Every structure is written in C-alpha cells, then in structure tokens.
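Have a look at the structure below, then the notes.
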Amino acid sequence: MYSRYFSPGQKLQVHALRNDNLPARRESMNVLFTSYELGHFDVAIPHTWPVNEGMPFPEGRPLEIISERYGLWLKSTASFHSQPSDKVIRLRMNNDLCIFRHRPKLRVEARIGLRYSAQRGNLPTFHRQWRQQITKLTTTAAALTAPTFARGRVNLSASGIRMPIQTTVQKNDLCLLMLALDEASEPICTLTEVIWTAPREEGQGTTAGMQFLNILQQDQHRIEQFVNQNLPKTTKALA
C-alpha cells in the first residue's frame, strides 16, 4: 500500500499534537521519505537531530503523516519507533493510509507587527527556544512586557506567511517568528521553515515564503479569525 504512493526523496510533514505542560499545540517536522520495510518508514531529517538530544517525538505518541503524490494528498498515522542516526528517524506505520481533498487555507494581505530570528541552525535548539518563548508569553507578566514590533506587509494564512526579511536566508532555513496581529492582542510565536525565497520587488532584502511548523492551536485559530475578518468582500462571497 505505502510503496505505491511513496518514493525516496518524497517530502513528508510529520505532525504531533501535544497538550502536556503547554496549551494544546502542533509540533511538526519536514522530512524526506527514505524507505518502507516491515511496517516502518525510515525518513531523513534535513536539519539533523542529534541522537544525544533524545527522541524528537515521545515514543508511542500518535503522529500524523501528510504528503502529496501524483496530485493526490495522502494521510496516515504513525508513532515514533527509533532513531538509527542523527539524520534518520524510524516511524511505526499504522496501515491506515487514506487519500483526502486538500483545501488551501484562505490568505489575506495585511500589515502586522513582525519580529524574527532566522538562521540555518540545529532543529532541537529551535524547538527549545520556541517552547521557552511560548512559556514566557503564556504568563501574564511576560505578556505585559512583550517587545515592540516593526510593521510589515505580509500575505498571511493559518498555515504560513509570505513576508519581507532583511537577513540572508535560504530554502529550508528555520525562523523563530513573532507576530502581532494588532496592538491590543498578545503576540503569536511560531517556529517556521523557509519554503522559498525571492528578491524583493521594491527595496533591498528578500521576500520569504514560510510554513508554520510549531504553533499553539489557539494561535492558529486567532490567525484564521484575523484572515476571515480581513478578507475582501468578494473573496468572502466565494469562500
């Protein structure tokens, strides 16, 4: 079943929904399919996750695997099995592969507050930094002392963002990104991965398209509400 739809080098996104010591959140990782054998996927981690850092996903925790092949969107569930090396994770598949209709998230052009730190770094460090920042933002004292944000023109959806960026970035770089949708609400912190880059049409710097990897569910819902509230009337009529 899996061998029909997955081939070496195919991009997968692994999602883990967690609600342990933080509000409910999604933590994700983009990986590349390597092989399937005896009910297990071996996937390559482009960013590397050192074995001595401990497993990236808790053993036995349900995972969701999303991919696209032949124009079809694929979904299956799995759990973490082992980590043979710094670059490879082994997943135990649940043999429940299904094909589903992918409906792109609605997007909107808007000016919002931005603050970010982007670099080609190690994935465990970024995961820790994101969790630390989320912990700070979920305490009242930290929320009241949130940093100021430079405003920028972005294209925003609940799954990602297109935004101007001044630092040099490349495809697959990681970015710890904070968003201020308006002056009254608390900032949103998300760990993102750069999917594409292009020179800015006006001014210096780069335009980057980023996919949200780690984000609180409540923050994703806030972005969805913001997009819906700011959609042009013609778009709302078609949605």
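Note that the structure is predicted; figures quoted are calculated from it, not measured.
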Identify whether the distance between the nearest side-chain nitrogen and carboxylate oxygen of [X] and [Y] falls below 4.0 Å.
X	Y	value
K11	E68	no
E53	R128	yes
R162	E109	yes
R222	E224	no

Practice item. List the steps, then state whether salt bridge (Lys or Arg N to Asp or Glu O under 4.0 Å) holds for K171 with E193. Key: CA-CA 8 Å; K171 183 179 178 180; E193 181 173 336; over 6 Å; no

Gap separating the [atom1] atom of [X] from the [atom2] atom of [Y], nearest 0.5 angstrom:
X	Y	atom1	atom2	answer
L63	M29	CG	CE	9.5 Å
Y36	R4	OH	CZ	14.5 Å
L179	M163	CG	CE	8.0 Å
S117	M178	OG	CE	11.5 Å
L72	R101	CG	CZ	12.5 Å
S159	Q220	OG	CD	8.0 Å

Exercise for review: Please collect all side chain to side chain donor-acceptor pair (under 3.5 Å) contacts where either partner lies in residues 81-90, sequence neighbours excluded, each pair once.
Suggested key: D42-R90

Point to revise | Candidate pair L97 and F6, rule side chain to side chain contact (heavy atoms under 4.5 Å, CB included), full reasoning | key: CA-CA 11 Å; L97 179 66; F6 293 86; 4.0 Å; yes

Review point. Are the side chain of N230 and the backbone of V227 linked by a donor-acceptor contact shorter than 3.5 Å?
Key: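 No: the side chain of N230 does not pair with the backbone of V227.
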
Check your understanding: Taking W130 for the side chain and E27 for the main chain, is one N or O donor matched with an acceptor at less than 3.5 Å?
Key ->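 A pair under 3.5 Å: no.
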
Review point. Between A78 and N94, what is the shortest heavy-atom contact and its length?
Key: N-ND2, 3.5 Å

**Study point:** Check: R69/S67 side-chain N/O donor and acceptor closer than 3.5 Å
**Key:**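 Looking only at side-chain atoms, S67 and R69 do not form any donor-acceptor pair under 3.5 Å.
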
Review point. Distance only, no hydrogens: is a donor on one side chain within 3.5 Å (strictly under) of an acceptor on the other, for H15 and Q13?
Key: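 Yes - a donor-acceptor pair under 3.5 Å links their side chains.
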
Review point. Do the ring planes of H102 and F100 sit parallel (below 30°), tilted (30 to 60°) or perpendicular (above 60°)?
Key: perpendicular

Practice item. Take Q166 and R200 through the side chain to side chain contact (heavy atoms under 4.5 Å, CB included) test and state the conclusion after the steps. Key: CA-CA 10 Å; Q166 295 301 319; R200 291 185 64 182; 3.4 Å; yes

Practice item. Could you walk me through whether T192 and T190 pass the side-chain hydrogen bond (donor to acceptor under 3.5 Å, both in side chains) test, one step at a time? Key: CA-CA 6 Å; T192 71; T190 174; over 6 Å; no

Review point. Yes or no on side chain to side chain contact (heavy atoms under 4.5 Å, CB included) for L191 and H127, after CA distance, side-chain angles and deciding distance?
Key: CA-CA 8 Å; L191 174 60; H127 272 252; 4.0 Å; yes

Point to revise | Aromatic contact, F41 with Y2 (centres under 6.0 Å) | key: yes

Review point. Given L216 and R26, is the side chain to side chain contact (heavy atoms under 4.5 Å, CB included) satisfied, shown in steps?
Key: CA-CA 6 Å; L216 295 182; R26 188 190 73 186; over 6 Å; no

